[in-house]
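Have a look at the structure below before the remarks.
Remember, it's 1-based here, ligands and their atoms both numbered in the order they're listed.
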Amino acid sequence: MSIPTQQKALVLEAKFGNFTVQTTDVPRPGPEDLLVKIEAAALNPADWKIQTYGILVNEYPVVLGSDASGIVIAVGEKVSPEAFAVGDRAIFQGDIDFEKQTTRGTYAEYLTLPHQFVAKFPENLPFDEAATVLSGVATVALPLYNHVEGADSVKLFPPWKEGGRGKYAGKSFLVVGGATSMGQFAIQFARLSGFSPIVATASVHHAAFLKTLGATHVVDRKLAAGELQAEFAKIASGQFDVVYDAVSVADTFPLSLAATAPGGHLVVVLSPAEIAEEAKKQGKNVHYARGLFVLPINREVSGPLLASLPKLLETGDIKPNRVEVLPGGLNGVVGGLERLKANQVSGVKLIVHPQETA
Ligand SMILES: NC(=O)c1ccc[n+]([C@@H]2O[C@H](COP(=O)([O-])OP(=O)(O)OC[C@H]3O[C@@H](n4cnc5c(N)ncnc54)[C@H](OP(=O)(O)O)[C@@H]3O)[C@@H](O)[C@H]2O)c1
């Protein structure tokens, strides 16, 4: 296919600025890079938080977006043909420049990426669903399974390695916010690792779905804290070996910490400082998820995990999130982020098709 020189991208011009769809140059792949045509991009809460709070990014203008699927349309000269070829179906996060504290994200029609942080995905998975996978897998699997010294991780033995499946039979796992995108992947990795029971808090209408992912029990997240604890006590003596708090707000921290067994592990997705001190006093371990494959501390585990993903997805061992596709291509992102910010998205991932941008 011929490679266009220009594309549409959703640009955030300045800190606290507005998003506008602009025409920009199509990037050229470096020797180790892939150029991908983005078919589906998923919306993540981080994108509205960066715009609203001015966090994480320091160099503007910037294109946000950290989850997408597409087709490889050009391959850098140093990428081996066994690794990637034109026509491969690819899933990827945005490309982060740590030095400049900026990112070239997935709210665009085309993106170049270092091939080491791209995974292939199988024919049986549609582009929309595939776009939901990578940040969820990263944010769950890295803080659970990264064995590298200094990694903030529970350091469990990974289920994608031989001997890893079912290794934690008899150990209990709680997912606070089971219906979140992250929570859905936490339930699935807990299942692959053999944890039982696997308890999830969620709105009750998600119970049947979350059980298909591996939750053994779903507890109504709208119960008062004391009632939730009473429910946990009926299932797992009230405390769990591993707790994954996929919500990590002031409402959920006390519950999550109380539900972590002494000596157990609590993984949080936001603001560990608020509870780190209290957790230490109680002899509990808190780990802050850093859901980026490209982070230097994550790289050793990223390669084998990304290589194992096509099989995990093909067999259905890891299932993507359910999706809602927004109309208007990249023009749909702003309204979608507003819905995420207003907590109006429940149990699905919002998706846009950059190629449909008018
Ligand atoms: N640290 C990292 O690297 C990293 C990476 C990615 C995301 N994150 C953060 O992780 C969090 C989750 O992201 P996400 O994309 O998974 O979110 P999401 O899918 O957009 O979350 C929506 C879900 O949140 C659930 N929810 C809201 N409040 C809840 C509560 N008090 N208890 C239980 N469930 C609750 C709702 O559940 P119901 O439908 O059941 O009502 C809804 O389905 C965000 O804060 C995000 O910024 C961090």
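- Close approach of ligand 1 to Ala202 (heavy-atom distance below 4.0 Å) involves ligand atoms 40 (O).
- The shortest N/O to N/O separation between Gly291 and ligand 1 falls below 3.5 Å.
- Between His206, His205, Arg221, it is Arg221 that holds the heavy atom closest to atom 36 (C) of ligand 1.
- Across all their heavy atoms, Gly332 and Leu326 have their closest contact at O-CD1, 3.5 Å.
- Note: no N/O pair closer than 3.5 Å links Lys222 and ligand 1 by distance alone.
- For ligand 1, the atoms closer than 4.0 angstrom to any heavy atom of Leu270 are 45 (O).
- No donor-acceptor contact under 3.5 angstrom links the side chains of Gln22 and Thr24, judged on distance only.
- Ring-centre distance between Phe240 and Phe195: not below the 6.0 Å cut-off.
- From the protein, the heavy atom lying nearest to atom 2 (C) of ligand 1 is Ala289 O, 3.6 Å.
- Of all protein heavy atoms, the one lying nearest to atom 41 (O) of ligand 1 is Ser203 OG, 2.5 Å.
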For residues 174-189, please give each side-chain donor-acceptor pair under 3.5 Å, one per line with the distance, not counting sequence neighbours.
residue: Thr180; atom: OG1; partner: Gly177; partner atom: O; Å: 2.7
residue: Thr180; atom: OG1; partner: Gly183; partner atom: N; Å: 2.7
residue: Ser181; atom: OG; partner: Asn321; partner atom: OD1; Å: 2.6
residue: Ser181; atom: OG; partner: Lys349; partner atom: NZ; Å: 3.3
residue: Gln184; atom: OE1; partner: Asn321; partner atom: ND2; Å: 3.0
residue: Gln184; atom: NE2; partner: Ala179; partner atom: O; Å: 3.1
residue: Gln188; atom: OE1; partner: Lys319; partner atom: N; Å: 2.6
residue: Gln188; atom: NE2; partner: Gln184; partner atom: O; Å: 3.3
residue: Gln188; atom: NE2; partner: Lys319; partner atom: O; Å: 2.9

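- The proximity of Ala246 to ligand 1, defined as any non-hydrogen pair under 4.0 Å, is limited to the backbone.
- A donor-acceptor pair shorter than 3.5 Å cannot be found between the side chains of Lys8 and Thr23.
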Problem - side chain to side chain donor-acceptor pair (under 3.5 Å) between Ser346 and His206, worked out - result: CA-CA 9 Å; Ser346 173; His206 292 309; 2.8 Å; yes

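- At least one heavy atom of Val345 sits closer than 4.0 Å to an atom of ligand 1.
- Between Thr201 and ligand 1, no N or O atom pair is found at a separation short of 3.5 Å.
- Contacts between Thr252 and ligand 1 below 4.0 angstrom, taking non-hydrogen atoms only, involve the side chain exclusively.
- Here Trp48 and Phe19 keep their ring centres 6.0 angstrom or further from each other.
- In this structure, Val176 falls outside the shell of residues with a heavy atom less than 4.0 angstrom from ligand 1.
- Annotation: atom 8 (N) of ligand 1 to nearest protein heavy atom, Val269 CB, 4.2 Å.
- Nearest non-hydrogen protein atom to atom 39 (O) of ligand 1 is Ser346 OG, 2.5 Å.
- Checked by distance only, ligand 1 and Arg290 stay at 3.5 Å or farther apart across all their nitrogen or oxygen atoms.
- Annotation: atom 19 (O) of ligand 1 to nearest protein heavy atom, Ser181 N, 2.8 Å.
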Problem - Lys281/Glu278 under salt bridge (Lys or Arg N to Asp or Glu O under 4.0 Å): CA gap, chis, key distance, verdict - result: CA-CA 5 Å; Lys281 274 192 223 150; Glu278 184 53 33; 3.5 Å; yes

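- Considering backbone and side-chain N/O atoms, Ala46 never comes within less than 3.5 Å of an N/O atom of ligand 1.
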Under 3.5 Å, which donor-acceptor pairs do the side chains of residues 231-238 form with other protein atoms, sequence neighbours left out?
residue: Glu231; atom: OE2; partner: Lys234; partner atom: NZ; Å: 2.9

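- Nearest protein neighbour of atom 20 (O) of ligand 1, counting heavy atoms only, is Leu340 CD2, 3.5 Å.
- Note on Glu324 versus Arg339: salt bridge recorded, some NZ/NE/NH1/NH2 to OD/OE distance being below 4.0 Å.
- With rounding to the nearest 0.5 angstrom, the CZ atom of Phe117 is 10.5 Å from the CD1 atom of Ile96.
- The closest approach between any non-hydrogen atom of Lys49 and ligand 1 is below 4.0 Å.
- Ion pair Asp317/Lys311 not flagged as a salt bridge, since none of the NZ, NE, NH1 or NH2 atoms sits closer than 4.0 Å to an Asp/Glu carboxylate oxygen.
- Nearest residue to atom 7 (C) of ligand 1 from Lys349, Lys341, Met182 is Met182 (criterion: closest heavy atom).
- Taking only nitrogen or oxygen atoms, main chain and side chain alike, Gly347 reaches within less than 3.5 Å of ligand 1.
- Ring orientation note: the planes of His115 and Phe84 are nearly perpendicular, at an angle over 60° on the 30°/60° scale.
- What sits closest to atom 15 (O) of ligand 1 on the protein, heavy atoms only, is Pro45 CD, 3.3 Å.
- Only the side chain of Thr139 comes within contact range of ligand 1, with a heavy atom under 4.0 Å; no backbone atom does.
- Atoms CG and OH, from Leu266 and Tyr288 in turn, are 13.5 Å apart once rounded to the nearest 0.5 Å.
- Near Gly177, meaning under 4.0 Å from any of its heavy atoms, are these atoms of ligand 1: 33 (C), 34 (N).
- Note on ligand 1: Ser135 sits outside its first shell, no heavy atom being nearer than 4.0 Å.
- When Thr180, Leu255, Asp220, Val249 are checked for heavy-atom proximity to atom 17 (O) of ligand 1, Thr180 turns out nearest.
- Minimum interatomic distance between Leu309 and Leu134 (heavy atoms only, all atoms of both residues): CD1-CD2, 3.4 Å.
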